[in-house]
Amino acid sequence: MTLAQFSLGGLVLLPLLAAAVMIVLPHLWRRILGVVFGVLTAGLTVPVIAQVSASNLPELVLGGFEAPLGIHLRGDGLAAVFLGVTALVGLVLTGYAAVVTKAEGSYFSGSSWQPGNPGFWPLWLGCWSGLNAVYLSGDLFNLYVGLELVGLTAVALVALGGRSSWEAALRYLFIAVLGSLLFLAGVGLLVSVTGTLDIEQTREALEQLDDQAAPLLALVLITLGLGMKIALLPMHRWLVPAHSAAPSAVSPILSGLVIKAALVVLLRTWLWAVPLVQGSQWLAWLLGALGAAAVLVGSVLALRQTRLKPLVAYSTVAQIGYWFLAFPLLPTDNNDDALAAGAFHAVVSLAAGHAIAKAGLFAAAGLLKDRCGTDEIDALRGAGVHQPALILAMGMCAVGLIGLPISLGFTGKWQLTTAAVAAGHWWLVVVIAAGTLLTAGYLLRGIAPLLLAPAEQPEDAPAAGPVTQRIRLGEAAVILLGLATIGTGLLGAWLADLLEVGAWW
Amino acid sequence: MISPIDITLGLAVLAVAGLSLIPRSRLVFTMGFLALGIVITMVWLRLDSLDVALAEAAIGTGLLSALMVWLAIRSPEPPGAGGMQSSPRLPWLRPVIGAIAGSGLTMVMAAVWLRVDQQLPAWRQSVDQQLPDTGVEHPITGVLLAFRAYDTLLESAILMLTAAAVLALCRGGGLSTPGTHRLGVHQTSSPMPPVPSALPWAARLLAPALVLLGLWLLFAGSADSGGAFQSGAVLAAAFILLRTSQVSLGTATEHWLRPVLVGGVVIFILAGLLGPVLGLPWLSWEPGWAFVVVLIVEVLLTAGIAAGLYTLFLTLENPEGVR
């Protein structure tokens, strides 16, 4: 067994082991173990990415039982990209949560709510393990189990935000479970016609199938379920309260990473497991139309927010739309591989860029909210005067979200525009341009007041705390994510090479 | 083909499900749910799925009902007295849309389902071939703990993390004072509602029988139906019964709940690590000692599942107090 194969299993099982052990430890030890295993998990992604970068496809047959009986883990290009992004964002956020006590959420002491919930650590490491499980899985049922692990820990992490977050967490739980069940129903339908759960074997069996009704229905069910979990408009209503009520270290995890897990499953289903279903063209167009609506409506709603965290959450709703804009360009009956590959690269670049930039922006918003006691944009006027580096970092994240060069957001939008022009879909270009302008508008509206002179504060306004050493360290996390937003923009070509490994074409 | 029993059972499921949605009282709703669970268990038995029937009876009906009964006694009226208010202007709109969407969905699903040329699972043959290597005899246990052990591991981790989540929402985040590792579930010290005097007596009488049943389900699982999940649910039921009848479990809970909760998952992962240590893939066990590993893992998983389910019951109380 090679190191890369060991890493495939270790990426899932070592953080899970840490999560289990932490449950019996006191708070301080949970933090230490969290940082140690965070570094270890991020380190394990290196051999996998190195193998993929050398055009190999590491594959692990768990227990030595070949499919269809057993489960395969496959580290292909798609998995490698998201493993890398998750390692980067996850490691930075682990450090952020370890130094900023309030970022871990709060607990009820019997008389009042106190900052720093010790339950954050096992849940976060469990969530990281689930994310890696989803990226690597080569088995449809195992994808469901991984999604459940991610969804359940994500819901619990939201609930750590105190009394006000429970309602949002409960709503998120219902959506997450309903989405998973729809996915499972689709998988059940696929198994009944193919007799296998392995993704590669499912594809082979479906290619020999004459009647495409069952795969089409399965695709509809899976897309609907995952659309809920990704929060594609009009199924986005749960996202804003959940992502904005969550603790400061959790919002970046949710917006940056958790919804990407559902996106990876959707791409796996559309491109690897159930491709080329006749009659699925309308579904791709529907997703494209919903994506366009999400870009426009989400951006306008973000412009209308008066609080910083909901603004950033609505920005996520809008950015989700870009990923779906590419779906009409993915192959459903015409086998134009270059076009499809371009659209696929665009989705992955946009999603990866969004993961880093949005994690940074949410971490910054949480830092401001925790220090000032509110995230009303009016009350935050001038808050950036004491934290200029934080505002600079937020600006770098904004570059990624708007899609200015150099960032993965720019790479993704460029690829998407090129693919749209090549396919002759000019309306996509219009949506992308309008979305870009709106993004610049709402981010300016959120960030610019932080630099303005403070307005007259009402007497009862909560007093902003001083900028402590720990908050400075928290700022460093945001700065790292801001720099990564710009730095990853240089990796566009390497990303395309990675995605060639184990691609469906 | 279709016997009258099947039709009766199918109609019974629909009728009980409908009836249990109508009442406004949580207690009546809970009773409806209990009845639904029993009917669905019978459906699984008719389908010859003894394992699923056992799981449905133990977890779906048994434990979930215990949680719901607790809720119904604690706060009998749902918040907002009913919750689902019909829209004032068009009261018929919601039911009509629901009925149209529901019947449309049913028809599409049925049409596709009837057209589909169903395939038998492709793994049937290989299960029979490779079962001797796994150390167990029952194919379902073989799938759960050998062929797809990875899924089972992640599922057990989900239950463990659910328990960790509800503990995190307790006072003090589940720790008795900041800085310690001692379990602090404030609910253990709050009194349970009074119960009829016959219940403690019956609970003490029933508990040994339940423990015996749980252990039988566990050990029979290697050769027959049953296994860690069903057994864990029965054991958790025994604990819930003892707690409801005010038998003091406080000290044992404080010391043992979390080690038992995580023990199964920790040992499962460490056992999975044996493979890479010996140069095999993750979660591989040599046929010679596979049985021992599977047995240890299954016993600890059962204990962990029982502890996890009991934790869910233990932490039902709102940390801020009853409102």
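Proteins come first, then strands; the chains are lettered A, B, ... in the order of their sequence lines, and each starts at number 1.
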Open item on the list: Quick check on B/L257 against chain A: is it the side chain, the backbone, both or neither that has a heavy atom closer than 4.5 Å?
Closed with: neither
Task: Contacting region of B/V266 [heavy-atom separation from chain A under 4.5 Å] - done: both
Could you tell me if the side chain of [Y] sits less than 4.5 Å from the side chain of [X], heavy atoms only?
{"X": "B/L154", "Y": "A/N142", "result": "yes"}
{"X": "A/V21", "Y": "B/V262", "result": "no"}
{"X": "A/L217", "Y": "B/W113", "result": "no"}

Open item on the list: For the interface with chain B, which of A/T196, A/T194, A/V145 has the highest count of heavy-atom pairs at distances below 4.5 Å?
Closed with: A/V145
Task: When A/D139, A/L189, A/L73, A/T153 are compared by non-hydrogen pairs under 4.5 Å with chain B, the top option - done: A/D139
Chain B contact via [X] - side chain, backbone, both or neither, heavy atoms under 4.5 Å:
{"X": "A/L149", "value": "both"}
{"X": "A/V12", "value": "side chain"}
{"X": "A/L16", "value": "both"}
{"X": "A/E148", "value": "both"}

Closest approach of [X] and [Y], non-hydrogen atoms and distance?
{"X": "B/S284", "Y": "A/G64", "result": "OG-N, 3.9 Å"}
{"X": "B/A168", "Y": "A/G119", "result": "CB-CA, 3.7 Å"}
{"X": "B/L161", "Y": "A/L123", "result": "O-CD2, 3.8 Å"}
{"X": "A/A133", "Y": "B/Y150", "result": "CB-OH, 3.8 Å"}
{"X": "A/G63", "Y": "B/P281", "result": "N-CB, 4.3 Å"}
{"X": "B/L169", "Y": "A/A159", "result": "CD2-O, 3.5 Å"}

Calculate, to the nearest 0.5 Å, the distance between atoms [atom1] and [atom2] belonging to [X] and [Y] respectively.
{"X": "B/L153", "Y": "A/S129", "atom1": "CG", "atom2": "OG", "result": "8.5 Å"}
{"X": "A/F141", "Y": "B/R148", "atom1": "CZ", "atom2": "CZ", "result": "7.0 Å"}
{"X": "B/L280", "Y": "A/L62", "atom1": "CG", "atom2": "CG", "result": "12.5 Å"}

Task: Any donor-acceptor N/O pair, B/R258 side chain to A/I23 backbone, under 3.5 Å - done: yes
Open item on the list: Please check if the number of heavy atoms outside A/W166 that lie under 6.0 Å from its CH2 is greater than 12.
Closed with: yes
Task: Residue B/W256 excluded, over 12 heavy atoms near CH2 under 6.0 Å - done: no
TODO: Kindly assign one of parallel, tilted or perpendicular to the pair A/F6 and B/W282, based on the angle between their ring planes and the thresholds 30° and 60°.
DONE: parallel
Task: Closest-packed option against chain A by number of heavy-atom pairs under 4.5 Å, given B/A111, B/P259, B/G173 - done: B/G173
